[in-house]
Amino acid sequence: MNQNDNQTALIMIFGATGDLAKRKLFPSLYKLFEKDKLSKNFAVIGVARRPLTNDEFQQSIKESVKTAIEKEDRIDEFASHFYYHSHDVTDSASYAALKNMASDLDNHYQLNGNRIFYLAMAPEFFGSIALHLKSDGLTDVRGFKRLVIEKPFGHDLESAKELNDQIRTAFSEDEIYRIDHYLGKEMVQNIEVIRFANAIFEPLWNSRFISNIQVTSSEILGVEERGRYYENSGALRDMVQNHLLQMVALLAMEPPIRLNTEEIRSEKVKVLRALRPIEGEEVNKYFVRGQYDEGTINGKTVPSYRQEPMVAENSNTETFVAGKLLIDNFRWAGVPFYIRTGKRMAAKSTKIVIQFKDVPMNLYYQTEQPLNPNLLVIHIQPEEGVTIHLNAKKAGTGMEATPIKLNYANKGIDGINTPEAYEKLLYDCMRGDATNFTHWDEVALSWSFTDKISDVWENHVDESFPNYKSGTMGPKCSDELLEKDGYFWWPVTNLEVNDK
Ligand code: NAD
């Protein structure tokens, strides 16, 4: 099969009138189309409940692409590949019509029977859609069939297992593409390249030279209109179980013997297996939680989490998590990986800071402040790049050391060269490359780690909630978590070595 064959496919998007489809999927597909990465032989069936004609649907595609992208010269040609099927996914009778439509388009566009089913819908429907796709014959194709499934993948290990069993009746593991859109981000993919393509880092990438690693993913936004979902999720399930643990796995894994899906996944799985389980009374020693109070963001007063729509007035849901992870293997024994994530924080930022151990002795004692440690900072969003913090001679007659920074800013920062995560992930899926999607083993191990923490938190009401003001970097207990070990969170904005 050549590469073009891989890109010939019928893409069925379930939830085609939803937010994700409009904001991310249609613009990303358009970008692929514009770059000729989509074969001319493709068609999309949008599936959702609302009755719409094909014309109305194509009009909505054009609008969503125009909202996201400035230059859309080929939009009419692109939109002509889109078809709509009004369908309640819980209504068994409606799948037969969908099957006929799919076969007609398969013939018309010569799609070789290749099908991608993208579930951009609420997770409670995932299992039953997969079962119907099989029982109603939509997966009986002569080409490939792939299932792309959005997060959340389950609510805990048990529900994730149940969902996995359901989708596995219709799709094999290698046909399932579980989206973790962080894995599509340029700089998350860059973690591997920085580590494995540079001779200067890998020899130092272990407990002998690294004192700690900090991963922060902070948001300024609150829960917005997602209160109903968030009340049942919280930051631990929404962010830690997937995105943060995936970043930790990429930072900590051994070099894979080859850069292919199986080898990379197997190294990531080993990291997750080596994660020290934190349970029972240990949870409060290693993890802290927070919930945002009112506060000021960009000069405006914003409400507390408990005042948000669809949120209980005495909610025990965490909007902030910080934790200390330990990876019990030869490379990482004793090195804390600190993670934190939260809503309504002071900055929107995803950053990784690798702090190296101090030099054995400070010869520059006359320097006004102690020598700063060397840091490697990987900026994931909103800016993309890498910074190395070093010490160098302060200009002048003396021999004082002063901190300096070597900066690399990814030129794609203006959004022209940096493809959206979804664009890359859709492209990977069409080519059959599942490297940047999560394997079931990773999902299961991550849930089994976070379940032990949620078990404790859900059974203990946190009386201190709300415990951080909106517009700050989280509760005091988060700083204390590091202070106990003699560290502090490196500030994420303008990560200046002199900031603390
Ligand atoms: P949404 O509520 O905006 O859209 C849901 C879609 O499902 C709509 O098209 C609706 O018509 C359709 N739908 C609902 N019930 C249906 C039924 N019975 N039959 C047929 N269609 C039905 O949701 P969203 O924000 O687009 O999110 C979709 C999925 O993507 C969720 O799993 C969500 O967690 C995940 N996700 C969304 C985002 C985002 O940015 N929106 C980001 C990450 C993950």
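This is a predicted model, so every value here is computed, not measured. Numbering of ligands and ligand atoms starts at 1, following listing order.
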For this session: Please verify whether a non-hydrogen atom of Arg50 lies at under 4.0 Å from ligand 1.
Result: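 Outside the 4.0 Å threshold, so no.
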
Exercise. Looking only at heavy atoms of Arg23, does any of them come nearer than 4.0 Å to an atom of ligand 1?
Worked result: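 Arg23: in contact with ligand 1 (<4.0 Å).
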
Is there a donor-acceptor contact under 3.5 Å from the side chain of [X] to the main chain of [Y]?
{"X": "Lys452", "Y": "Ser448", "value": "yes"}
{"X": "Glu318", "Y": "Ala235", "value": "yes"}
{"X": "Ser159", "Y": "His155", "value": "yes"}
{"X": "Asn242", "Y": "Arg237", "value": "yes"}
{"X": "Arg228", "Y": "Val311", "value": "no"}
{"X": "Arg115", "Y": "Phe144", "value": "no"}

Examine [X] against ligand 1 and note whether any of their N/O atoms are separated by less than 3.5 Å.
{"X": "Gly18", "result": "yes"}
{"X": "Thr17", "result": "yes"}
{"X": "Leu20", "result": "yes"}
{"X": "Val89", "result": "yes"}
{"X": "Phe126", "result": "no"}

Exercise. Within 45° of the six-membered ring axis of Tyr427 and under 6.0 Å from that ring's centre, is NZ or CZ of Lys37 located there?
Worked result: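 Judged by the rule (NZ or CZ under 6.0 Å from the ring centre, within 45° of its axis), Lys37 counts as positioned above Tyr427.
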
Identity and separation of the nearest protein heavy atom to [atom]:
{"atom": "atom 12 (C) of ligand 1", "answer": "Gly15 CA, 3.9 Å"}
{"atom": "atom 18 (N) of ligand 1", "answer": "Asp88 OD1, 2.9 Å"}
{"atom": "atom 22 (C) of ligand 1", "answer": "Met121 CE, 3.3 Å"}
{"atom": "atom 34 (O) of ligand 1", "answer": "Lys151 O, 3.0 Å"}

Exercise. Can a salt bridge be assigned to the pair Lys424 and Glu186 using a cut-off of 4.0 Å between side-chain N and carboxylate O?
Worked result: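 Yes, Lys424 and Glu186 are salt-bridged.
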
Exercise. Do you see a protein non-hydrogen atom under 4.0 Å from atom 2 (O) of ligand 1?
Worked result: no

Can you name the atoms of ligand 1, numbered from 1 with element, that are less than 4.0 Å from a heavy atom of [X]?
{"X": "Phe125", "answer": "15 (N), 18 (N)"}
{"X": "Ala120", "answer": "28 (C), 29 (C)"}
{"X": "Pro152", "answer": "34 (O)"}
{"X": "Ala16", "answer": "9 (O)"}
{"X": "Pro123", "answer": "32 (O)"}
{"X": "His87", "answer": "19 (N), 20 (C)"}

Exercise. Any chance the rings of Phe26 and Phe82 have centres within less than 6.0 Å?
Worked result: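 When the ring centroids of Phe26 and Phe82 are compared, they turn out to be within the sub-6.0 Å range.
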
Problem set entry | Output field: ring centroids Tyr292/Phe320 closer than 6.0 Å |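 So the answer is no for these two rings.
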
Problem set entry | Euclidean distance, Phe117 CZ relative to Ile149 CD1, rounded to 0.5 Å | 13.0 Å

Problem set entry | Donor on one side chain, acceptor on other, Arg306 and Ser315, under 3.5 Å |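 Absent: no donor and acceptor within the cut-off.
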
Problem set entry | Flag side-chain contact, heavy atom, 4.5 Å: Thr438 against Leu183 |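 Yes, at least one pair of side-chain atoms sits under 4.5 Å.
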
Exercise. Can you tell which of Arg49, Glu124, Lys22 gets a heavy atom nearest to atom 21 (N) of ligand 1?
Worked result: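 Ranked by closest heavy atom to atom 21 (N) of ligand 1, first place is Arg49.
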
For this session: Only heavy atoms count here, so choose which of Thr90, Ile13, Asp91, Asp19 is nearest to atom 39 (C) of ligand 1.
Result: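 Closest candidate by heavy-atom distance is Asp19.
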
Exercise. What do we get for Glu150 next to ligand 1 when only non-hydrogen atoms under 4.0 Å count, side chain, backbone, both or neither?
Worked result: side chain

